[in-house]
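Can you read through this structure? Questions will come right after.
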Amino acid sequence: MPDQENQTSDVTFVLLGFSEYPDLQVPLFLVFLTIYTVTVLGNLGIIMVIRINPKLHTPMYFFLSHLSFVDFCYSTTVTPKLLENLVVEDRSISFTGCIMQFSFAGIFVVTEIFMLAVMAYDRFVAVCNPLLYTVAMSQRLCSLLVAASYSWGIVCSLTITFFLLELSFRGNNIINNFVCEPAAIVAVSCSDPYVSQKVVLVSATFNEISSLMIILTSYAFIFITVMKMPSTGGRQKAFSTCASHLTAITIFHGTIFFLYCVPNSKSSWIMVKVGSVFYTVVIPMLNPLIYSLRNKDVKETFRKLVFTKLLCLIKSRR
């Protein structure tokens, strides 16, 4: 173990990011800084709005507040280092820093995958069993579903981290990305990566397939129930309650499938980086916008909150 500690203390990773485009460093910094600012304000704003409005103290918004928290944490794990690497020449990150970034990012990604699945189940109960909704989606069950999502995220991340720590590394290791993701870490190791690669593959495949099965099954039942509704107004109302969630799911899982389908070649690295940017930086910003722009209660509470703050500011200046 001391040898392993001595070895890893001298190991560094270099995140190339977008260094091959020197003229774009400042514009990209400004774009990503704007996105990160909107992400932080949007997600923390959603959490605050849900907390202060009693009308939003329902299972759906309980899950949404946790989704916003996960998006905020995920973006904060990845984006600050991306911003730093756009303005400094030294793009290195220590072995410990790289592993920690992956560990936290892994927890929040897996948690988000299953939080979206939990929200699909919530919509299934709301549409297919509206009279039993408050009983079926009790506070205890909601808390258990959220706790299970976080717990599984922690288990998956720590499992992969354990196998990454079993690998050997030497000196400087070039990662052709802006984030420490497991495939890139495994690729630069100087030991046999077979077991680690299989663990990453099995974990990612299981999480994706199992969460999609929950989502697709829930929405299959929702679709059947909605199609049986006699009134057009009832159908529109049922579909509108699911529209925001469906949009978020489509963007999130669509990006994952895009990254899976990109061929593993040098010419495709730019596509991987663009997909990774969308996955790690843009999506955490989009979720609060998707859910707030289509929701009357959220918009109304947000307006009141801003109006009250402005009023207080004006009175204090007088």
Distance check, rounded to the nearest 0.5 Å: Ile174 atom CD1 versus Asn172 atom CG?
6.5 Å

Atom pair CG/CD of Asp192 and Gln197 - distance to nearest 0.5 Å
8.0 Å

Minimum heavy-atom separation for Cys128 and Pro130, please, with both atom names.
C-CD, 3.4 Å

Can a donor-acceptor pair be found, under 3.5 Å and without considering hydrogens, that links the side chain of Asn43 to the backbone of Thr39?
yes

Would you say His245 and Tyr219 make side-chain contact, with heavy atoms under 4.5 Å?
yes

side-chain contact (heavy atoms from CB on, under 4.5 Å) between Phe252 and Phe278, intermediate numbers included:
CA-CA 9 Å; Phe252 185 82; Phe278 202 79; over 6 Å; no

Between Lys273 and Asn176, is any pair of side-chain heavy atoms under 4.5 Å apart?
yes

One should read off an interatomic distance between Phe95 CZ and Leu164 CG, to the nearest 0.5 angstrom, of 8.0 Å

Determine, using the 4.5 Å side-chain heavy-atom cutoff (strictly less than), whether Leu165 and Phe163 are members of one ILVMFWY cluster.
yes

Side chains of residues 141-152: which donor-acceptor pairs under 3.5 Å do they make with residues two or more places apart or in other chains?
from: Ser143; atom 1: OG; to: Gln139; atom 2: O; distance (Å): 3.0
from: Ser149; atom 1: OG; to: Leu145; atom 2: O; distance (Å): 3.0
from: Tyr150; atom 1: OH; to: His66; atom 2: ND1; distance (Å): 3.1
from: Ser151; atom 1: OG; to: Ala147; atom 2: O; distance (Å): 2.7
from: Trp152; atom 1: NE1; to: Asn207; atom 2: OD1; distance (Å): 2.8

Which pair of non-hydrogen atoms, one from Ser92 and one from Asp90, has the smallest distance, and what is that distance?
OG-OD1, 2.8 Å

Roughly how far, to the nearest 0.5 Å, is OG1 of Thr247 from CG of Leu289?
12.0 Å

In the single-linkage hydrophobic clustering (I, L, V, M, F, W, Y; side-chain heavy atoms under 4.5 Å), do Leu158 and Val70 co-cluster?
yes

Close side-chain approach of Tyr121 to Val125, heavy-atom, < 4.5 Å:
yes

Can you tell if the side chain of Leu56 reaches within under 4.5 Å of the side chain of Val49, non-hydrogen atoms only?
yes

Neighbour count above 12 (heavy atom, 6.0 Å) for Met229 CE
yes

Assess the side chains of Thr79 and Ser75: does a donor N or O sit below 3.5 Å from an acceptor N or O?
yes

Under 3.5 Å donor-acceptor, Thr255 side chain and Ile251 backbone
yes

So Val274 and Val277, do their side chains get closer than 4.5 Å, heavy atoms only?
no

So, Tyr133 and Asp122: side-chain donor and acceptor under 3.5 Å apart, yes or no?
yes

Can you tell me how far apart NZ (Lys81) and OG1 (Thr76) are? Round to the nearest 0.5 Å.
15.5 Å

Arg91 to Leu16 - nearest heavy-atom pair and separation
CD-O, 3.8 Å

CZ/Phe29 to CD/Glu84 distance, rounded to the nearest 0.5 angstrom?
10.5 Å

Joint cluster assignment, Leu24 & Phe32, ILVMFWY side-chain distance < 4.5 Å:
yes

Tell me whether Leu167 is reachable from Phe13 by hopping between hydrophobic residues (I, L, V, M, F, W, Y) whose side-chain heavy atoms are closer than 4.5 Å.
yes

Go through the steps for Phe69 and Ile47 under the test side-chain contact (heavy atoms from CB on, under 4.5 Å), then give the verdict.
CA-CA 7 Å; Phe69 174 72; Ile47 294 169; 4.0 Å; yes

Evaluate the side-chain proximity of Val179 to Leu15: yes if any heavy-atom separation is below 4.5 Å, no if none is.
no

Residues in disulfide bond (SG atoms under 2.5 Å apart) with Cys156, at least two apart?
none

So Met285 and Tyr36, do their side chains get closer than 4.5 Å, heavy atoms only?
no

In short, Ala117 meets Ile214 closest at the heavy-atom pair O-CG2, 3.7 Å

Got a donor-acceptor contact below 3.5 angstrom from the Asn85 side chain to the Phe178 backbone?
no

Atom of His253, atom of Glu208 and distance for their closest heavy-atom approach
ND1-OE2, 2.7 Å

Are Val195 and Glu166 close enough, and set up right, to give a side-chain contact (heavy atoms from CB on, under 4.5 Å), and what steps lead you there?
CA-CA 10 Å; Val195 176; Glu166 292 295 299; over 6 Å; no

Exercise answer: donor-acceptor pairs, residues 97-113 side-chain atoms, under 3.5 Å, sequence neighbours excluded:
from: Gln101; atom 1: OE1; to: Cys180; atom 2: N; distance (Å): 2.8
from: Ser103; atom 1: OG; to: Ile99; atom 2: O; distance (Å): 2.8
from: Ser103; atom 1: OG; to: Thr161; atom 2: OG1; distance (Å): 2.9
from: Thr111; atom 1: OG1; to: Ile107; atom 2: O; distance (Å): 2.6
from: Glu112; atom 1: OE2; to: Asn287; atom 2: ND2; distance (Å): 3.1

If you apply the rule side-chain contact (heavy atoms from CB on, under 4.5 Å), what do you find for Ile46 with Phe72, and how did you get there?
CA-CA 11 Å; Ile46 285 280; Phe72 165 73; over 6 Å; no

Shortest non-hydrogen pair, Ala184 vs Ile175, comes out as CB-CG2, 3.6 Å

Find out whether Leu82 and Val281 are in side-chain contact, i.e. whether some heavy atom of one side chain is under 4.5 Å from a heavy atom of the other.
yes

Using the rule that Ile, Leu, Val, Met, Phe, Trp and Tyr join whenever any side-chain heavy atoms are under 4.5 Å apart, tell me whether Phe114 and Leu246 fall into a single cluster.
yes

